[in-house]
2 protein chains.
Amino acid sequence: MATGRTHRPATRSRGIPEATVARLPLYLRALTALSERSVPTVSSEELAAAAGVNSAKLRKDFSYLGSYGTRGVGYDVEYLVYQISRELGLTQDWPVVIVGIGNLGAALANYGGFASRGFRVAALIDADPAMAGKPVAGLPVRHTDELEEIISENGVSIGVIATPAGAAQQVCDRLVAAGITSILNFAPTVLSVPDGVDVRKVDLSIELQILAFHEQRKAGEETAAVRRTGTAGRPAAAAREGRKGPDGDVPAVMPA
Amino acid sequence: MATGRTHRPATRSRGIPEATVARLPLYLRALTALSERSVPTVSSEELAAAAGVNSAKLRKDFSYLGSYGTRGVGYDVEYLVYQISRELGLTQDWPVVIVGIGNLGAALANYGGFASRGFRVAALIDADPAMAGKPVAGLPVRHTDELEEIISENGVSIGVIATPAGAAQQVCDRLVAAGITSILNFAPTVLSVPDGVDVRKVDLSIELQILAFHEQRKAGEETAAVRRTGTAGRPAAAAREGRKGPDGDVPAVMPA
DNA sequence: GTCTGTGAATACATTCACAGCC
DNA sequence: GGCTGTGAATGTATTCACAGAC
């Protein structure tokens with residue numbers, strides 16, 4: 001990351017913290033809901049509750065964007081919607097391609113949340129020739145051979161990878177070579193990309209594993225018992241029938 | 001205090017940092033791949049590269065679990081796989097339910113990554129009576145009416161919500177009432193849950209919006225950067241000329 | 001010599017708490 | 001009175017750099 005120089009102090013300071021950027025879409029969603037209900041203004045407290053954060057954090061976040069509120073009153077909903085949209089780059093439309101039209105890719109293609117923000121699915125691409133031409137979410141699936149052409153013709157800079165893990169790096173390389181500079185990766189694999197290309201990943205199984213970690217801890221607190229039994233056991237908890245785990249009878253966890 | 005153990009606290013220290021927990025699945029995946037290639041040991045440098053992090057971070061992360069490496073040698077792959085699996089709670093199997101069998105729910109049901117870790121889809125649940133009984137991913141869809149019974153009978157503690165936003169809170173409440181204590185939420189809404197219940201959310205459109213933010217920033221920098229790198233880098237950006245935003249005053253994405 | 005494990009240093013993020021404006 | 005905006009304080013995460021085990 002190229003740190004320029006000292007601060008550009010004015011209302012448009014060039015460094016919004018990553019953590020803040022990651023929350024802006026959350027605020028935007030909450031604001032959009034308020035806007036649809038024609039709520040004219042909102043306090044940091046109310047908006048924070050709607051977005052699921054605390055109000056100090058929200059105010060700090062907004063302070064990076066500028067002073068868009070009014071003391072004693074709150075924030076103008078419409079104005080904030082616009083400012084955040086602009087900051088996120090959603091006032092323009094972003095064509096995206098989805099590569100890998102399996103179950104997940106198809107689900108993504110059908111996902112309404114893309115279009116409702118500035119995103120437009122420019123094409124669906126799959127390596128299976130049998131898929132080519134088949135309509136998914138109203139778009140004909142195109143073959144991988146056409147990938148470069150599609151990207152170039154549509155000026156696509158954001159790509160979504162929903163292929164199996166084995167194909168992801170190869171697809172990624174082609175996307176990058178074709179000019180893509182932002183990638184959302186659903187394949188459970190680490191992608192390597194040149195500098196200047198952003199990758200964000202969504203890994204469904206990782207999220208579950210994190211939940212399992214905390215779940216296990218909860219279970220352990222209830223029955224502070226055998227935790228480290230080298231051979232067999234896991235924390236015990238009531239369940240019904242033993243489901244077979246890797247080594248025999250593994251209890252499921254039920255809060256009683 | 002509970003922290004009575006003086007030395008060797010790391011073996012099961014009461015607080016593995018969240019950031020570390022979130023990376024353990026990454027390490028585990030990389031290690032599993034090495035294990036399948038029968039690689040016996042791995043250095044922090046190699047493993048870090050495979051997991052897409054830097055080696056100092058990895059070593060620090062592992063130090064929270066204990067001293068599982070050998071100086072001058074590296075880490076035993078099989079042993080680490082076991083230790084991390086145990087730490088994450090993956091040595092037991094976790095029955096999960098998926099609620100909301102639309103495109104996304106079906107994709108999740110078919111997703112192989114769950115079963116390959118300790119997760120087992122115990123049931124698919126949908127509110128649509130027309131769906132009831134229809135097989136998805138080899139399981140018959142069950143109706144929401146049976147939700148409590150399913151959770152109780154299978155000792156499920158982890159639920160996945162893949163319903164439309166409007167139904168999510170209601171489903172969440174029922175899941176929690178039925179005993180679920182961990183929720184993975186795909187619906188684009190903030191869920192409120194009582195203490196003791198963990199929620200993780202995956203929001204597809206939020207990830208894209210974060211990418212758009214950075215993409216927009218790149219485009220802004222391009223004006224200055226383009227001459228520095230000559231013409232080598234960005235075919236798609238050049239092709240983007242044809243695209244125009246819906247409104248007239250779209251800020252210059254391209255040096256005009 | 002190699003590579004881990006970890007205090008110390010730094011960077012980043014959140015929360016506090018209150019001055020300043022409505 | 002109510003609410004924002006923000007320095008200061010605190011908490012968390014990452015990185016450095018090297019002592020110590022092999």
Side-chain angles (χ1 to χ4, degrees), chain A residues 1-4 6-24 26-27 31 34 39-77 79-80 83-84 87 210, chain B residues 6-24 26-27 31 34 39-77 79-80 83-84 87 210:
Chain A
M1 188 179 298
T3 28
T6 34
H7 307 14
R8 209 77 203 84
T11 37
R12 181 45 68 78
S13 108
R14 278 300 132 204
I16 299 177
E18 253 321 288
T20 295
V21 172
R23 281 188 294 265
L24 291 181
L26 234 58
Y27 302 142
L31 285 164
L34 291 171
V39 177
T41 62
V42 67
S43 70
S44 64
E45 200 73 54
E46 293 164 334
L47 182 53
V53 304
N54 73 52
S55 64
K57 195 184 287 183
L58 177 142
R59 288 200 304 279
K60 184 62 115 183
D61 284 342
F62 286 179
S63 79
Y64 294 116
L65 309 184
S67 289
Y68 294 149
T70 306
R71 291 166 203 240
V73 178
Y75 301 92
D76 182 277
V77 171
Y79 187 56
L80 249 194
Q83 291 298 344
I84 294 179
E87 198 65 58
I210 296 170
Chain B
T6 37
H7 280 286
R8 277 273 129 267
T11 310
R12 186 145 303 269
S13 110
R14 281 295 106 217
I16 297 177
E18 253 321 286
T20 295
V21 172
R23 282 187 294 265
L24 292 180
L26 235 57
Y27 302 143
L31 284 164
L34 291 171
V39 176
T41 63
V42 66
S43 71
S44 64
E45 201 73 53
E46 293 163 335
L47 182 53
V53 303
N54 73 53
S55 63
K57 196 184 287 182
L58 177 142
R59 289 200 303 281
K60 185 60 118 182
D61 284 341
F62 286 179
S63 80
Y64 293 117
L65 310 184
S67 289
Y68 295 148
T70 307
R71 289 166 201 241
V73 178
Y75 300 92
D76 182 277
V77 171
Y79 187 57
L80 249 194
Q83 291 297 346
I84 294 180
E87 197 65 58
I210 296 171

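First the proteins, then the strands, lettered A, B, ... as listed; each starts at 1. Just so it is clear, the values below take in all heavy atoms, side chains as well, and ignore hydrogens, waters and symmetry mates.
For the pair A/Ser44 and D/dT4, the criterion of a side-chain N or O lying under 4.0 Å from OP1 or OP2 is met. Between B/Tyr75 and C/dG5 there is a side-chain N or O to OP1 or OP2 distance below 4.0 Å. Within the 4.0 Å cut-off from OP1 or OP2 of C/dC22, not a single side-chain nitrogen or oxygen of A/Thr70 is found. The side chain of A/Lys57 places an N or O atom within less than 4.0 Å of a non-bridging phosphate oxygen (OP1 or OP2) of C/dT15. OP1 or OP2 of C/dT15 sits under 4.0 Å from a side-chain N or O of A/Asn54.
As a whole-Å value, the separation of A/Leu80 CG from D/dT4 P is 10 Å. When the C1' atom of C/dT4 is taken as reference, atom OH of B/Tyr64 falls 15 Å away, rounded to whole Å. Rounded to an integer number of Å, the gap from B/Arg59 CZ to D/dA19 P is 15 Å. Atom-to-atom, CD of B/Glu45 to C1' of D/dT15 comes out at 13 Å; the value is rounded to the nearest Å. Rounded to whole Å, the distance from CG on A/Leu58 to P on C/dC16 is 15 Å. Separating the CG atom of A/Leu24 from the P atom of C/dA13 is a distance of 13 Å, rounded to the nearest angstrom. Whole-Å rounding puts the B/Arg71 CZ to C/dC3 C1' distance at 9 Å. Between the CG atom of A/Asp61 and the P atom of C/dT15 there is a distance of 11 Å, given to the nearest Å.
When the nearest nucleotides of DNA chain D are assigned to A/Gly74 and A/Lys60 by heavy-atom distance, the more 5′-ward of the two goes with A/Gly74. Of the two residues contacting DNA chain C, namely A/Ala19 and A/Gly72, the nearest-nucleotide position lying further toward the 5' end is that of A/Ala19.
Comparing D/dT6, C/dC21, C/dT14 by their nearest atom to the side chain of A/Ser67 picks out D/dT6. Out of D/dT14, C/dA13, C/dT4, the shortest distance to the side chain of A/Glu18 is found at C/dA13.
B/Phe62 comes within 4.0 angstrom of no nucleic acid atom, judged by non-hydrogen atoms across all strands.
For B/Tyr68 and B/Tyr79, the gap between ring centers is short of 6.0 Å.
Contact record, B/Leu47 with B/Leu58: CG-CD1, 3.7 Å, taken as the closest heavy-atom pair. Minimum interatomic distance between A/Gly69 and A/Tyr75 (heavy atoms only, all atoms of both residues): CA-CD2, 3.4 Å.
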Using the side-chain contact (heavy atoms from CB on, under 4.5 Å) rule, take A/Thr20 and A/Phe62 through it: C-alpha gap first, then chi angles, then the decisive distance, then the call. CA-CA 8 Å; A/Thr20 295; A/Phe62 286 179; over 6 Å; no

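For B/Arg59, the salt bridge (Lys or Arg N to Asp or Glu O under 4.0 Å) criterion is met by no residue, not counting sequence neighbours.
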